[in-house]
Protein chains: 2
Amino acid sequence: MPDAESRFREYLSAKGLGATDQRLAILDEVMSLHRHFEADDVHARLRQKSHRISPATIFRTLALLVESGIVQKNPCEQMVGRYEHVFGHQHHDHLVCLACGRIIEFRNGPIERWQQKVAEEHDFQMAGHHLIIRGYCSRCR
Amino acid sequence: MPDAESRFREYLSAKGLGATDQRLAILDEVMSLHRHFEADDVHARLRQKSHRISPATIFRTLALLVESGIVQKNPCEQMVGRYEHVFGHQHHDHLVCLACGRIIEFRNGPIERWQQKVAEEHDFQMAGHHLIIRGYCSRCR
DNA sequence: ATCGCTATTGAGAATCACTTGCAACACGAT
DNA sequence: ATCGTGTTGCAAGTGATTCTCAATAGCGAT
């Protein structure tokens, strides 16, 4: 498996973009963070190492890393700030169409049961869950 | 089953809060929206009916509706603005602790397979998915 | 009816997390 | 050296939400 840096360099040159010091420093930092992080975490850690990279550059580079598939952003973006009334409704999960934004609701017993099992395995007291399947709906595929 | 309004009134009086016109108008609007919505949708629709309710009140009331369990907010809030590097990692899902914010990763084959099945049932081309189980971890429960 | 108290509201300022505009700069090609 | 495009930092702009605060409403006590 090639390392992340080669892959990023490849992606950048394929796009005609430069592998600048800032971009590589950010990649480095990102790969050294072994849990979920926010843009600001990267900024703070780089600052500690006396790199002077502006937040704007962090955001711009993270976007490149996401595009190149090295980094994944919170995958429920389209649900942010959304509500739904649940009163009188049964629990359900969602299929979200990446093309038209349509949201389809569904219910599936076996998945629910397996989730309970996973929670138990991790000694985790489940309070709720949310499953989002992203893709393309019948109208858009 | 009691209607949503009774339930909301009950919740409000239990909390010593008033069932004001604004709150009831917002509840009404929310219950008439049969898909996911944002605070601004409620505001726009109320404005059309020439209710003059400020956005601040909409947000305040939505918070009450969430607390009372009538409305559910996007359940991946804690993941917003978070990234993780995925290069060289296998796909996994997340357990999120509501108390300490800890995020535990897990993989589960049967769930993955059932998801594929659900997508097929809805003639949906799956591009990815994300499953979040919320609850309390072993340290916090 | 009037008073006094707390709850509630609207307006606008503040905040937070990004994003964008822009001028300065870097660097390979000419 | 010059040009041209790509990059960056700074600072201003955004959009969604939250906060502050003064005005108002509602309700029980007088």
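Residue numbering restarts at 1 for every chain, and letters A, B, ... go by the order of the sequence lines.
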Separation of D:dG6 atom P from A:Gln22 atom CD, nearest Å, is 17 Å

Side-chain contact check for B:Ser54: nearest option of C:dA11, D:dT7, C:dG21 is C:dA11

From NE2 of B:His43 across to C1' of C:dT9 the rounded distance in Å is 13 Å

If we ignore angles and hydrogens, is there a donor and acceptor under 3.5 Å between the side chains of A:His130 and B:His130?
-> no

Of all heavy-atom pairs linking B:Phe124 and A:Cys137, the shortest is CD1-CA, 3.5 Å

> Under a 4.0 Å N-O cut-off, is there an ion pair linking A:Lys117 with A:Glu121?
Replying inline: no

Atom CD1 of A:Ile53 and atom P of D:dT8 are separated, to the nearest Å, by 8 Å

On DNA chain D, more 5' by nearest nucleotide between B:Ala56 and B:Asp21 is B:Ala56

Check: For C:dT8, does either OP1 or OP2 sit under 4.0 Å from a side-chain N or O belonging to B:Arg23?
Finding: yes

Rounded to the nearest 0.5 Å, the NE2 atom of A:His51 sits from the CD1 atom of A:Ile58 at a distance of 10.0 Å

A:Leu62 atom CG is separated from C:dC18 atom P, nearest whole Å, by 9 Å

Rounded to whole Å, CG of A:Asp41 lies from P of C:dA17 at a distance of 11 Å

Short N-O contact, A:Arg107 and A:Glu112, less than 4.0 angstrom: no

To the nearest angstrom, the CD1-P distance between B:Ile26 and C:dT8 comes to 13 Å

Whole-Å distance, B:Arg60 CZ to D:dC21 P, equals 14 Å

Here the distance between atom P of C:dT19 and atom CG of A:Asp40, to the nearest Å, is 14 Å

Picking from D:dT8, D:dT17, D:dT7, the nucleotide nearest the side-chain atoms of B:Ala39 would be D:dT17

Among C:dT8, D:dT7, C:dA11, the one nearest any side-chain atom of A:Thr20 is D:dT7

From the candidates D:dT17, C:dT19, D:dG9, the one with an atom nearest any side-chain atom of A:Phe59 is C:dT19

